[in-house]
Participant: 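Before we start, here is the structure in question, set down as structure tokens.
In this chain, residues are counted from 1 in sequence order.
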Amino acid sequence: PPGPLPGPSGASSQPVPPAPSHTLGLNAQNVTPATSPMGASGVAYRSQSSEGVSSLSSSPSNSLETQSQSLSRSQSMDIDTASCEKSMSQVDVDSGIENMEVDDSDRREKRNLAEKDSSSSSDVSEEQALHLICKILRVSWKEQDRDVIFLPSLAAEFQKNPRDVYSDFRDLIGQILMEALMMSTRSRDCNPFASLTATSQPITAARSPNCHLTLVPHSSQSGSPMMPCAGSFGASSLSSLGASGGGMAGDSGSDRFTIESCKETEMLNYLIERFDCVGMEERKAPKMCSQPAVSQLLSNIRSQCISHAALVLQGTLTQPRTPLQPSLLVPYMLCRNLPYGFIQELVRMTHQEEDVFKQIFVPILQGLTLAVKECSFDSDNFKFPLMALAELCEIKFGKTHPVCNLITSLPLWCPDPLSPGTGREIQSLSFLGAFFSLSVFAEDDTKVGDKFFSGPAITMENTRVVSQSLQHYLESARGDLFKILHNILLNGETREAALSYMAALVNRNVKKAQMQTDDKLVSTDGFMLNFLWVLQQLSMKIKLETVDALYIFHPKCRLNVSTEETRLNATMEDLKSWLTELHEDSSKFSEPKFPTECFFLTLHAHHLSILPCCRAQYRARYRYRCIPNYQSDLCPVHREALLKLVRSKACADAGLLDENLLRRCLQFFSMVIQLILRMVEPAYPGVTLPLNPEIPKSFAALPEFYIEDVAEFLLFIVQYFPQVLYEPCTEDIVNFLVVFICSQNYIKNPYLIAKLVEVLFVTNPAVQPRTQRFFEMMENHPLSINQLVPALMKFYTDVEHTGATSEFYDKFTIRYHISTIFKSLWQNINHQGTFLEEFNSGKQFVRYINMLINDTTFLLDESLESLKRIHEMQEEMKNKEQWDQLPREQQQSRQSQLTQDERVSRSYLALATETVDMFHILTKQVQKPFLRPVSMETCYTPACCKNTP
């Protein structure tokens, strides 16, 4: 047998000092120097296996952290399934324990057969093979040396009868590993791996220089040195301790991964190192390692390392570990520091034994959950739990994703509701809830605002740059979330569980769509936007031909759409009778397919995520505008509340005003528009107006928010991101607006038509110059040239009676929008002809003129009355002595009335001005229609009545 070897590659490893921007600083705390996560001096060494490593970017582009980050020795756990299965096909899953009890006769027979096979198939001698084994495993049974582990039991066996020690090399490897590990368990204080001081360190993670990896020594109260330290990887295992903000000097922070200092850790470090050394040998001597005998030998070393690592993780060699104990592998995974293929091999060798697989991987999943709960976007630590889980879910053997199966079998995969707060409950308790909860909103996580949006150095430009960087962070996190859920859906055994979970997220958050809701009962905005982003990615390639428009009426529909939900053009009685008739004939329904379910889940997710966020943004903007300019007069308490409001708004802007997110929303709403238009006109995009007077029942029974959400989202992006409108889907939006404004009988609610009209108003160049091209597309649309003006004129008169208690005042705003649109359409020569035709022979012209004059009269009268009251109040307030004599309550009441009169006067004057301008344009350009008897009577009567004393 060969003597001791100087190192894994035949020479002593030289420690490489860590570069400050690439390596992880390590703090040793009462740890025996060994091949534990740190070296003898407590300083991180760069791994020799970093050569050829496929490093992963540790931060998105435009990172908030200025330091560069790379991997020093870890390799991505992401591995191509086919190549993994091919390269690992010869790996033996034998742990090596059983081979230690083989009879000597059987052993000799196997040995002779092995020698014959070896001599006939390879030029590698037994001596060379033994030398390679000792070199990789860093062992010797000939003499002791500080750079190797001396195996006394195996040495005695070789001295007694060398030919009976092992039957084949796999048996020998198992004996070597078992003796080395048992030497560690039998010694309370001595670490047999301490002599391997020249090896690379397995936890040398390349991350930011302010991250520290700390070994926590086992408790002195523990009955055994093998027992883990209580709580060594729990809620405090991964802590973000106020990291610095924006790269400003003077700030510091520390992120800590806590690893148990125990015998299992020592053994696991040794096995990981030996597994990694196999890859090093393959890279350094590829020609030799490609020989079948050597390749088989290296595969045996890998498989035995994995088998023994599984025993260590279960506590078989020390004390059994329960699923509640933290996994020893989690810190390695978070540090991105496991050798290439280690986790894949561990999954492959254990996933067919359910109990073993659960005992090893359930603690890993729980550890990743605990880790992500401690993460925040105030640093880039959030990436590591997400990447680790995403890569676990991607591991595939055949058609099975074993980790996905395990995740969906967990009791907390989709827990049953226990309280009225079902939305917040599923976010807090479900397994994926913690991963989807990462958020930049101040209401969800105050750390982001405190770090990046506080301090005197915050300017408009700084805020913009920080927002873009946070959006890159969000994009990175959501990309990993998509990988996780996508792999669970790809796995046939877990697709049903994934769809049920997605539907539960939607159904348990229906209250988020309410105007007034208790935020404590529903999921947070950040959670829902992350979920929406993932659904958008899943829906991106869906073809509408594969979507069943009747899905929400399907008996197997996963979505809970209440029968009390307002419908587009159906009463509750109409809906119930139609559904009864529909369900009587089961042949009308086909089995729901994934594209259909995914499409409608995404549609309802928009209703519960982006739309509530848009409404919250409006409210936040209003509060922000109310902030007084005289901040110096505020008391400290109010000033702090003001700063908190500013930080909250900045965080909300970063989370919501993301151009990429808004573009995806618009693209999906374009698909919704196409689906709806196909329901009313199957020949779409070949639409003709007017539509069929018989309204399809399937359309009439649709929830009203299907169209309302499209209108509200368009209003939002026109105000905040009008450039988003210029997408290929713009043509569908124009068709949608023109068709339904000109087909008012298809929508029962006049306020929904008013919202569509408002979209035309806000895209008017006189209101928003940046949407001029969109408005030109609308006014030049073939359908709008002949149909839009009569439809708007009809709506101008019909809005007189909407059925709402506020109809009298609502009509003025709606008519103001229509008048503004008319003024722009009048400039278009094509629409002028439609105007003249309507003036001369249209049915709506007389009523339109009548409403126009009545509104003008009322608005001018009310404005003058308000101006009169304003003047009287101002004169009264000028008399200081008389004003001071009034009681305090009376002063406040009159000041309140003055404010209201000023607001009413300003509003009414604006509406009256627009109405008079419209009347002026009409009478200046076309006089003939006004000279008809019926028109003269209409114009004369209200004017005379108003001028009568």
Side-chain angles (χ1 to χ4, degrees), residues 471 475 478-479 482 529 532-547 549 595-596 598-603 605-607 609-611 614 656-689 706-742 755-756 758-765 767-785 788 828:
Q471 287 163 8
E475 197 87 358
R478 290 165 175 171
F482 168 74
L529 285 179
L532 173 66
W533 193 97
V534 172
L535 285 176
Q536 287 175 341
Q537 296 299 310
L538 293 172
S539 303
M540 191 171 293
K541 296 183 179 180
I542 290 178
K543 296 182 180 179
L544 284 179
E545 294 77 12
T546 63
V547 176
T596 297
C598 185
F599 180 87
F600 279 94
L601 282 170
T602 310
L603 174 56
H606 278 80
H607 180 58
S609 56
I610 192 70
L611 272 304
C614 292
L656 180 60
L657 301 183
D658 182 348
E659 186 170 344
N660 292 328
L661 174 66
L662 297 179
R663 286 186 187 277
R664 292 190 189 97
C665 292
L666 187 65
Q667 290 167 3
F668 181 80
F669 278 128
S670 172
M671 294 175 64
V672 176
I673 288 171
Q674 294 178 49
L675 184 71
I676 292 175
L677 288 176
R678 289 181 182 183
M679 296 177 72
V680 298
E681 180 55 74
Y684 181 81
V687 182
T688 57
L689 291 178
Y706 281 16
I707 289 182
E708 185 178 16
D709 285 356
V710 177
E712 284 193 11
F713 182 74
L714 290 173
L715 292 173
F716 180 81
I717 62 172
V718 167
Q719 180 174 351
Y720 293 101
F721 267 99
Q723 65 270 25
V724 172
L725 271 179
Y726 300 121
E727 290 284 321
C729 59
T730 304
E731 187 174 349
D732 292 321
I733 297 173
V734 172
N735 287 331
F736 168 76
L737 293 173
V738 172
V739 166
F740 286 110
I741 288 176
C742 298
K755 277 194 176 179
L756 300 179
E758 187 179 358
V759 174
L760 292 188
F761 165 75
V762 297
T763 56
N764 192 304
V767 180
Q768 175 56 275
R770 299 172 66 183
T771 58
Q772 181 173 355
R773 187 152 61 93
F774 178 86
F775 191 80
E776 289 174 354
M777 290 178 61
M778 185 276 304
E779 66 179 359
N780 294 320
H781 193 280
L783 296 177
S784 72
I785 291 175
L788 187 59
N828 188 302

Participant: Looking at residues at least two apart in the chain, or sitting in another chain, which of them share a ring-ring contact (aromatic ring centres under 6.0 Å, His included) with Phe761?
Facilitator: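 So Phe761 forms a ring-ring contact (aromatic ring centres under 6.0 Å, His included) with Tyr816, His817.
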Participant: Side chains of Phe599 and Thr546: does their closest heavy-atom pair fall under 4.5 Å?
Facilitator: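 No. Closest side-chain heavy atoms not under 4.5 Å.
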Participant: Of all residues at least two apart in sequence or in a different chain, which pass the side chain to side chain contact (heavy atoms under 4.5 Å, CB included) check with Pro765?
Facilitator: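 For Pro765, the residues satisfying side chain to side chain contact (heavy atoms under 4.5 Å, CB included) (neighbours in sequence not counted) are Gln772, Phe775.
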Participant: Not counting sequence neighbours, which residues clear side chain to side chain contact (heavy atoms under 4.5 Å, CB included) with Val534? List them please.
Facilitator: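 Counting only residues at least two positions away or on another chain, Val534 forms a side chain to side chain contact (heavy atoms under 4.5 Å, CB included) with Phe436, Leu481, Phe482, Leu485, Leu538.
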Participant: Can you give the donor-acceptor pairs under 3.5 Å from side chains of residues 659-666 to other protein atoms, not counting sequence neighbours?
Facilitator:
from   : atom 1 : to     : atom 2 : distance (Å)
Glu659 : OE2    : Arg663 : NE     : 3.3
Glu659 : OE2    : Arg663 : NH2    : 2.6
Arg663 : NH1    : Glu727 : OE2    : 2.1
Arg664 : NH2    : Glu475 : OE2    : 2.8

Participant: Can you list everything that forms a side chain to side chain donor-acceptor pair (under 3.5 Å) with Gln723? Sequence neighbours excluded, please.
Facilitator: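 By the side chain to side chain donor-acceptor pair (under 3.5 Å) rule, Gln723 matches Arg770.
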Participant: Once rounded to the nearest 0.5 Å, what's the spacing between atom CG of Leu725 and atom CD1 of Ile717?
Facilitator: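 Atom-to-atom, Leu725:CG and Ile717:CD1 are 4.0 Å apart.
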Participant: Would you indicate whether the side-chain heavy atoms of Ile542 and Cys598 approach each other to under 4.5 Å?
Facilitator: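 Side-chain contact under 4.5 Å: yes.
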Participant: Could you name each residue pair satisfying salt bridge (Lys or Arg N to Asp or Glu O under 4.0 Å) that touches residues 707-719, not counting sequence neighbours?
Facilitator: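 Pairs touching residues 707-719 that pass the test: Arg615-Glu712, Glu708-Lys755, Glu712-Lys755.
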Participant: Could you grab the distance from atom CG of Leu714 to atom CD of Glu758, nearest 0.5 Å is fine?
Facilitator: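 The CG atom of Leu714 sits 11.0 Å away from the CD atom of Glu758.
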Participant: Can you measure from CZ (Phe774) to OG1 (Thr730) and round to the nearest 0.5 angstrom?
Facilitator: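 Result: 6.5 Å between the selected atoms.
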Participant: Please determine whether side-chain contact (heavy atoms from CB on, under 4.5 Å) holds for the pair Val759 and Val718, giving the CA-CA distance in whole Å, both sets of side-chain angles, and the decisive distance to 0.1 Å.
Facilitator: CA-CA 8 Å; Val759 174; Val718 167; 5.6 Å; no
Participant: Just jot down the side chain to side chain contact (heavy atoms under 4.5 Å, CB included) partners of Asn828, sequence neighbours excluded, or say none.
Facilitator: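 Residues passing side chain to side chain contact (heavy atoms under 4.5 Å, CB included) with Asn828: Glu779, Asn780, Asn830, His831.
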Participant: Just jot down the side chain to side chain donor-acceptor pair (under 3.5 Å) partners of Ser784, sequence neighbours excluded, or say none.
Facilitator: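 If we apply the side chain to side chain donor-acceptor pair (under 3.5 Å) test to Ser784, skipping adjacent residues, there are no hits.
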Participant: Just distance, no hydrogens or angles: give the donor-acceptor pairs under 3.5 Å from side chains in residues 668-687, sequence neighbours left out.
Facilitator:
from   : atom 1 : to     : atom 2 : distance (Å)
Ser670 : OG     : Asp732 : OD2    : 3.1
Gln674 : NE2    : Asp732 : OD2    : 3.0
Glu681 : OE2    : Ala683 : N      : 3.4
Tyr684 : OH     : Asp732 : OD1    : 2.6
Tyr684 : OH     : Asn735 : ND2    : 3.3

Participant: Check side chain to side chain donor-acceptor pair (under 3.5 Å) between Thr596 and all other residues, then give those that pass, not counting sequence neighbours.
Facilitator: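 With neighbours one apart ignored, the set is empty.
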Participant: Measure the CE-CG distance between Met778 and Leu760 for me, rounded to the nearest 0.5 Å.
Facilitator: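 Here the interatomic distance stands at 4.5 Å.
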Participant: Sequence neighbours excluded, which residues qualify as ring-ring contact (aromatic ring centres under 6.0 Å, His included) partners of Tyr720?
Facilitator: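 Tyr720: ring-ring contact (aromatic ring centres under 6.0 Å, His included) contacts with Phe716.
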Participant: Using 0.5 Å steps for rounding, measure from the CE atom of Met777 to the OG1 atom of Thr763.
Facilitator: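 Those atoms lie 11.0 Å apart.
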Participant: Heavy-atom distance under 4.5 Å between the side chains of Leu756 and Val710, does that happen here?
Facilitator: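 The answer is no; the side chains never approach within 4.5 Å.
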Participant: Keeping the roles fixed (side chain from His606, backbone from Thr602), state whether a donor-acceptor pair exists under 3.5 Å.
Facilitator: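 Yes, His606 side chain to Thr602 backbone: donor-acceptor pair under 3.5 Å.
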Participant: Do Thr771 and Asn764 have side chains that approach each other closer than 4.5 Å (heavy atoms only, starting at C-beta)?
Facilitator: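 No. Closest side-chain heavy atoms not under 4.5 Å.
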Participant: Quick one: CG on Leu788 to CG on Leu689, what's the gap to the nearest 0.5 Å?
Facilitator: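 Taking CG in Leu788 and CG in Leu689, the distance rounds to 10.0 Å.
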